2 protein chains.
Amino acid sequence: MSCVKTLKEKGLKLTPQRMLIVDIIHEARGHLTAEEIIRHVQAKMPGVNKSTIYRTLDLLENYGCVYKSETGEGFIYHHSEEGHHHHLVCSKCGRTIKCDEDLFTPLKDLLEEKYNFNADFKHIVMSGLCEKCRNSN
Amino acid sequence: MSCVKTLKEKGLKLTPQRMLIVDIIHEARGHLTAEEIIRHVQAKMPGVNKSTIYRTLDLLENYGCVYKSETGEGFIYHHSEEGHHHHLVCSKCGRTIKCDEDLFTPLKDLLEEKYNFNADFKHIVMSGLCEKCRNSN
DNA sequence: ATTGTTATTGCACCTGGTTGCAATTATATC
DNA sequence: GATATAATTGCAACCAGGTGCAATAACAAT
């Protein structure tokens, strides 16, 4: 549970709300939507305000404990121990596919080379059609 | 002004609000944020409701008259006559760089091949650091 | 255990974007 | 030009996410 250690080292307070949020993200393998996190938190600790939750998530992201990605309709979060990877999200059925990070490096290099642009390729979410959905039309 | 023709063909009504919005997008070379469009519309026609504007933009997008992309903080729109291309947006200075569509085709092919995923590579907005900003830290 | 300091919480309110619905208006037909 | 009808508007309310601020609570020092 390195998150707690990180928070402590930075002189941040280990409040019950914060610990609970860290726990939830830690226990979930894979990613959680903001909505899911809010639901889980409030199930265990009814009074917690959503702004507390959003602030905690931002904080954890800033200290590298979680990764935050946007899907086009909201945000998803996953524990940094899951490692860097991207997601392919089917716009029809909503299915998500984990996708290897390396696939994006040639493009990253190309953008460097052609535009001198240092593209931020952490946690990309690509939408499109998955195998099943493209065959069923 | 093919937009108007398209709307007419589909049996849609050419209301003054709609015409104004079409005009504004047509006259702007390059892209406009939702905010800019709302400001321009309401400058020329004060009463127009934002929901009318958003609905018209969605409509125009559905009929292929404009492209809508999300930047991570809101949406941008551009006339389809500008053609397909992507944008590189500097997360520091906000500068946007037009970027050729072809750069993404190898990645698209790779996602097809490895994951059977038909990625939707219309109008991508990539964030990162532009040349100037990466040199000035 | 009490106190002081400072981070954190909850609250109330704001933002951009979206939606259901009743009132309005563009167009087709006469 | 008047009328019918279906699309469109404006409204009011809603949603996710974010923010300023006063009240609260975690931790450190005594």
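Only heavy atoms go into these numbers, but all of them, side chains included; no hydrogens, no water, no symmetry mates. Order of the sequence lines fixes the chain letters, A, B, ..., with proteins taken first and strands second; residue numbering starts at 1 for each chain. All values derive from a computational prediction rather than experimental measurement.
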What is the distance from [atom1] of [X] to [atom2] of [N], rounded to the nearest Å?
X: A:M19; N: D:dC27; atom1: CE; atom2: P; value: 9 Å
X: B:N49; N: D:dC11; atom1: CG; atom2: C1'; value: 7 Å
X: A:K13; N: D:dA25; atom1: NZ; atom2: P; value: 11 Å
X: B:D58; N: D:dA7; atom1: CG; atom2: C1'; value: 16 Å
X: A:K10; N: C:dA7; atom1: NZ; atom2: P; value: 14 Å
X: A:K8; N: C:dA7; atom1: NZ; atom2: P; value: 17 Å
X: B:Q42; N: D:dG10; atom1: CD; atom2: P; value: 10 Å
X: B:I37; N: C:dG16; atom1: CD1; atom2: P; value: 14 Å

Validation row, ring centre A:H79 to ring centre A:H31 under 6.0 Å: no

A side-chain contact here means heavy atoms from C-beta on lying under 4.5 Å apart; do A:F117 and B:L129 qualify? no

If we only count heavy atoms from C-beta on, is the B:I38 to B:Y54 side-chain gap below 4.5 Å? yes

Taking the side chain of [X] as heavy atoms from C-beta outward, which of [options] is closest to it?
X: B:A34; options: C:dG17, C:dT18, C:dA26; value: C:dG17
X: B:F75; options: C:dA7, D:dC27, C:dG17; value: C:dG17
X: A:S51; options: C:dC11, C:dT18, D:dG17; value: C:dC11

So, does the side chain of A:R55 form a donor-acceptor pair with the base of D:dG20 at under 3.5 Å? yes

Could you check whether B:E131 pairs with B:R95 (Lys NZ or Arg NE/NH1/NH2 to Asp/Glu carboxylate O, under 4.0 Å)? no

Salt bridge or not for A:E35 and A:R39, using N-O below 4.0 Å? yes

Can you see if the side chain of [X] gets near the phosphate of [N] - specifically, an N or O under 4.0 Å from OP1 or OP2?
X: B:R18; N: D:dT9; result: yes
X: A:Q17; N: C:dG10; result: yes
X: A:Y54; N: D:dG18; result: no
X: B:T52; N: D:dG10; result: yes
X: A:T56; N: C:dT8; result: no

